[in-house]
2 protein chains.
Amino acid sequence: MEELEHPDRAGLRIEAVLAALDHPVRLRVVRTLADGEELTCRQILPEMTKSSASHHWRVLRENGIVEQRKQGRNLYMRLRRADLDARFPGMLDAVIDG
Amino acid sequence: MEELEHPDRAGLRIEAVLAALDHPVRLRVVRTLADGEELTCRQILPEMTKSSASHHWRVLRENGIVEQRKQGRNLYMRLRRADLDARFPGMLDAVIDG
DNA sequence: CCTATGGTTCGATTTGATTCGAACCATATC
DNA sequence: GATATGGTTCGAATCAAATCGAACCATAGG
């Protein structure tokens with residue numbers, strides 16, 4: 001398994017962020033992580049098939065929405081609030097509260 | 001031709017806004033209208049076929065991004081900045097500046 | 001080593017959005 | 001009325017994203 005690639009803060013693109021958030025499942029993931037908690041993938045989307053879920057994890061990670069961390073067999077996800085707030089102030093709150 | 005239907009401020013939905021903005025052509029339209037100017041459709045997208053352009057006009061209007069006004073043969077468009085800023089503070093600036 | 005669990009990858013299918021041409025509608029001008 | 005212009009609507013084609021099963025990889029625990 002290759003290393004998890006995340007764009008750095010300066011590499012965040014609004015087009016990518018919009019694309020990542022324009023999906024009901026991924027929007028729900030963002031709202032689930034809104035309180036800053038770090039959760040495993042299975043905790044967030046237990047009902048979805050593994051391959052579909054994995055697809056969404058990748059979109060969220062590569063487009064800079066979440067940071068993923070491997071620990072043992074689990075993959076933990078955390079919302080990149082600081083980075084997103086710094087680059088696109090207000091955006092994340094609008095999405096979460098909206 | 002039926003009347004142009006716009007959602008009111010309270011009817012703006014973040015999911016719809018994200019879907020409307022997640023397209024390069026529509027993102028360009030928003031940025032073109034960013035200074036508050038009111039422009040005709042043909043001024044904004046002169047190169048695109050009428051039917052494709054009309055499709056994007058409808059998405060932008062129905063999802064609350066722009067207000068459209070008919071005058072004579074022309075359709076004028078204006079960014080709904082006040083409404084979008086009120087409902088989703090920071091969102092529009094992030095998209096325009098991003 | 002063996003087994004179970006958590007995720008990824010691949011290929012194929014399905015679904016939804018975009019695109020376009022053609023026909024049409026509405027308004028302005030002659 | 002005739003003609004030109006600005007947009008809409010419809011249906012069909014095209015293209016991208018989402019979905020899924022199956023096979024695979026990695027780690028934890030016996």
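Every chain is numbered from 1, with letters handed out A, B, ... down the list of sequences. Below, all heavy atoms of this structure are taken into account, side chains as well, without hydrogens, waters or symmetry copies. These numbers were taken from a predicted model, which means no experiment stands behind them.
Take B:R73 and apply the side chain to side chain contact (heavy atoms under 4.5 Å, CB included) test, not counting sequence neighbours, and it matches no residue.
Listed by first and then second residue, the salt bridge (charged side-chain N to carboxylate O under 4.0 Å, His left out) pairs that reach into residues 87-98 of chain A are A:R81-A:D93, sequence neighbours excluded. Listed by first and then second residue, the ring-ring contact (aromatic ring centres under 6.0 Å, His included) pairs that reach into residues 70-98 of chain A come to none, sequence neighbours excluded.
Distance, A:Y76 OH to C:dG7 C1': 14 Å, rounded to whole Å. With rounding to whole Å, B:I44 atom CD1 is found 14 Å from D:dG6 atom C1'. Computed from coordinates, the A:Q71 CD to C:dG7 C1' distance equals 15 Å when rounded to whole Å. Rounded to whole angstrom, the span from the CD atom of B:Q68 across to the P atom of D:dT8 amounts to 7 Å. The distance between atom CG of A:L4 and atom C1' of D:dA26, rounded to the nearest whole Å, is 13 Å. For the pair B:K70 NZ and C:dA26 P, the interatomic distance rounds to 8 Å; values are reported in whole Å. In this structure, the CG atom of A:L75 is 13 Å from the C1' atom of D:dT27, given to the nearest Å. Taking atom CG of residue A:L45 and atom P of nucleotide C:dG6, one finds them 14 Å apart after rounding to whole Å.
The shortest distance between the side-chain N/O atoms of B:S54 and the OP1/OP2 oxygens of D:dT8 is below 4.0 Å. Taking only side-chain nitrogens and oxygens, A:R42 comes nearer than 4.0 Å to OP1 or OP2 of C:dG6.
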Trace of the side-chain contact (heavy atoms from CB on, under 4.5 Å) decision for A:E38 with A:R69: CA-CA 10 Å; A:E38 192 180 42; A:R69 176 177 67 86; 2.8 Å; yes
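Side chain of B:E62 to main chain of B:V59: no donor-acceptor pair is present (N/O by atom type, distance under 3.5 Å, no hydrogens or angles).
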For a quick test of your reading: what N or O donor-acceptor pairs under 3.5 Å do the side chains of residues 14-24 of chain B make, sequence neighbours left out?
from	atom 1	to	atom 2	distance (Å)
B:H23	ND1	B:V25	N	3.1

Distance-only check: which donor-acceptor pairs under 3.5 Å involve side-chain atoms of residues 27-36 of chain B, not counting sequence neighbours?
from	atom 1	to	atom 2	distance (Å)
B:R28	NH2	B:E47	OE2	2.9
B:R31	NE	B:V95	O	3.2
B:R31	NE	B:I96	O	3.4
B:R31	NH2	B:V95	O	2.9
B:T32	OG1	B:R28	O	2.7
B:D35	OD1	B:E37	N	3.1

Are there any protein N/O atoms within less than 3.5 Å of an N/O atom in nucleotides 17-21 of chain D, and if so, which ones and at what distance?
from	atom 1	to	atom 2	distance (Å)
D:dA18	OP1	A:R26	NH1	3.2
D:dA18	OP1	A:R26	NH2	2.9
D:dA18	OP2	A:H55	NE2	2.9
D:dT19	OP2	A:H56	NE2	2.6
D:dC20	OP2	A:T49	OG1	3.4
D:dC20	OP2	A:S52	OG	3.4
D:dG21	N7	A:S51	OG	3.3
D:dG21	O6	A:S51	OG	3.1

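Here D:dT9 is the nucleotide among C:dT8, D:dT9, D:dG7 with the atom lying nearest to any side-chain atom of B:R58.
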